[in-house]
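Worksheet for the structure shown next.
We name chains A, B, ... by the order of the sequence lines, and we start the count at 1 in each one. Bear in mind that the values here come from a model prediction, so they are computed numbers and not experimental data.
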Number of protein chains: 2
Amino acid sequence: MSQPLRWEDDALWVLDQRRLPAEEAWLRCDSPADVAAAIRTLAVRGAPAIGLAAAYGMALASDRAAAAELLRSARPTAVNLAWAVGRSLQADDPLALAERLHAEQREADRKLSEMGAELLPEGARALTHCNAGALATGGLGTAGGVLLAAWEHGRLAHVWVDETRPLLQGARLTAWELGRAGIPHRVITDSSAGGLMARGDVDVVVVGADRIAANGDVANKVGTYPLAVLAERHGIPFHVAAPVSTLDPATPSGGEIPIEERDPSEVASGSPALNLAFDVTPAELVASIVTEAGVLRPPYAESIAAAAR
Amino acid sequence: MSQPLRWEDDALWVLDQRRLPAEEAWLRCDSPADVAAAIRTLAVRGAPAIGLAAAYGMALASDRAAAAELLRSARPTAVNLAWAVGRSLQADDPLALAERLHAEQREADRKLSEMGAELLPEGARALTHCNAGALATGGLGTAGGVLLAAWEHGRLAHVWVDETRPLLQGARLTAWELGRAGIPHRVITDSSAGGLMARGDVDVVVVGADRIAANGDVANKVGTYPLAVLAERHGIPFHVAAPVSTLDPATPSGGEIPIEERDPSEVASGSPALNLAFDVTPAELVASIVTEAGVLRPPYAESIAAAAR
């Protein structure tokens with residue numbers, strides 16, 4: 001289980017995920033600015049992992065208010081950033097808080113992975129998008145943890161891994177994690193999922209989330225929404241796995257979630273391009289939201305309010 | 001209007017589309033085997049263009065039966081290959097036949113482009129997938145021709161160009177063609193279309209086709225089917241533009257269309273991968289099929305039978 005973060009020598013060390021799987025290089029962060037840069041440039045990514053990175057970043061701050069501002073604004077879509085920074089501002093010892101959040105994340109992942117695994121049918125051929133494994137959380141992973149637990153319980157036959165353009169977190173990170181865990185998998189282009197579902201080759205979709213609104217709308221890596229629409233058409237359950245820290249009861253619906261637009265050069269060189277990093281899946285397409293506080297079911301307004309309390 | 005093919009010095013010259021847009025390099029083909037290799041390796045691609053290439057390939061044959069076999073099997077999904085080879089086998093002068101088919105394609109593209117343009121709303125923001133422009137047909141293009149005609153008639157505001165993984169025919173070829181024509185466009189990742197439709201930024205989808213079954217099911221570049229499903233959800237018309245030579249009344253439905261599986265290395269290096277080149281869009285999701293014989297509407301079993309006669 002490769003971890004995205006570690007604290008050592010009074011610094012935060014970030015596994016540079018941009019260079020995986022070719023190389024395991026660690027970046028040393030000595031200041032909140034270093035951490036914000038690592039988040040912004042995607043050296044560390046995944047909603048829970050960037051929340052933890054921000055918490056550690058707060059432990060590197062001399063001016064905590066300025067650090068909070070910097071870290072909160074590093075990326076706009078994941079709510080875990082604001083959540084972790086908010087928790088840190090209320091703490092006496094930011095480092096102890098970061099370490100506690102990290103431990104809580106590990107425990108949350110363990111719990112939600114076990115609960116999520118039970119949602120998969122025996123011999124499941126699952127499809128996932130982007131990376132929601134250990135690299136994305138600092139624990140077992142969310143969607144990735146569910147797949148790992150299902151594999152360990154003998155319920156998982158195979159994983160279809162969306163390559164996840166433009167930065168290929170699926171092909172680079174998820175495939176690498178699944179390979180290390182010995183789980184049978186194949187990488188596909190993001191637009192192959194429809195054809196595979198139509199052929200009857202997909203039993204379940206499991207994805208992570210960057211922010212879940214009060215009504216159950218889910219912001220996640222761009223391409224998640226098309227999967228949910230296709231899954232509905234083919235009667236395939238679409239599950240979202242996320243810790244409670246990803247629930248955002250203060251945001252009424254997906255329409256109010258800010259969607260990060262990244263540099264067009266990540267998509268196309270030489271042509272004009274639009275690079276939306278996320279999309280919103282409406283709650284009606286979500287079969288369940290698997291959290292460490294339980295498996296949330298519709299109506300989500302109620303189940304999310306109860307879990308986020 | 002860049003053309004994919006030309007006949008010169010008793011040889012077929014193929015514009016090597018694998019090297020576009022960086023470089024305009026022409027491959028000389030002196031034998032049916034050379035042409036089959038150019039088709040197989042995607043130096044020339046697009047259903048109508050590979051049909052024409054095969055027709056010219058027949059004109060290079062000493063043994064026409066062997067050449068027919070070789071060219072027909074170069075790629076499995078597009079019906080235009082078998083159609084063009086079949087026409088050539090019945091011709092006295094294969095070169096004259098190839099040139100006539102080429103001229104017919106130009107005329108078909110011109111006609112269907114004009115008819116298709118009228119289907120677009122004023123100020124349309126269109127979305128297209130892969131490349132169905134001049135490079136794909138040897139004429140104006142099918143879907144690309146429709147966009148070009150709509151632009152000339154002042155009906156088109158903007159084109160969203162799916163980059164079209166794994167070989168990026170949208171980002172490399174369609175964006176290049178639109179740029180040369182001065183048509184405003186932006187490249188997006190294939191999985192961005194859902195989010196754009198949900199935001200209300202797409203008015204119409206226009207794509208080409210590699211084979212259209214007797215019932216109206218459409219085989220086209222993988223990723224077409226998800227677009228059709230998303231378009232239906234958002235009430236966006238989904239049009240297919242294709243010459244009559246792409247209609248295949250002998251194939252009852254999409255289930256019987258062979259779907260090419262290409263080398264996994266086109267998708268992922270180092271991980272296991274599945275590389276389906278096409279998918280099938282069921283006729284129920286297709287608003288119209290624009291051909292040179294008219295705009296076909298449901299019920300397609302009837303309109304296709306009439307057009308293909």
Pro184(B) versus chain A, the contacting section by heavy-atom distance below 4.5 Å: neither
Pro272(B) side chain reached by His185(A) side chain, heavy atoms, under 4.5 Å: yes
Heavy-atom proximity to chain A below 4.5 Å, by part of Val280(B): neither
Residue part contacting chain B, namely of Thr189(A), when any heavy atom lies under 4.5 Å: both
Which portion of Arg165(B) sits near chain A, non-hydrogen atoms under 4.5 angstrom: both
Any residue of residues 192-208 of chain B which, by heavy atoms, sits under 4.5 Å from chain A: Ser192(B), Gly194(B), Gly195(B), Leu196(B), Ala198(B), Arg199(B)
Spatial distance of atom OG (Ser191(A)) from atom CG (Leu227(B)) [nearest 0.5 Å]: 8.0 Å
Heavy-atom contact with chain B under 4.5 Å, split by part of Glu266(A): neither
Which atom of Ala171(A) lies closest to which atom of Ser271(B), heavy atoms considered: O-OG, 4.1 Å
Top of Leu178(B), Ile188(B), Thr281(B), Asp279(B) for chain A proximity - count of heavy-atom pairs under 4.5 angstrom: Ile188(B)
Contact origin within Asp190(A) toward chain B - heavy atom pairs under 4.5 Å: side chain
Leu274(A) CG to Trp160(B) CH2 distance, which is reported to the nearest 0.5 Å: 5.0 Å
Closest non-hydrogen atom pair between Val267(A) and Glu163(B), with its separation: O-OE1, 3.8 Å
Heavy-atom side-chain contact between Glu232(A) and Val229(B) under 4.5 Å: no
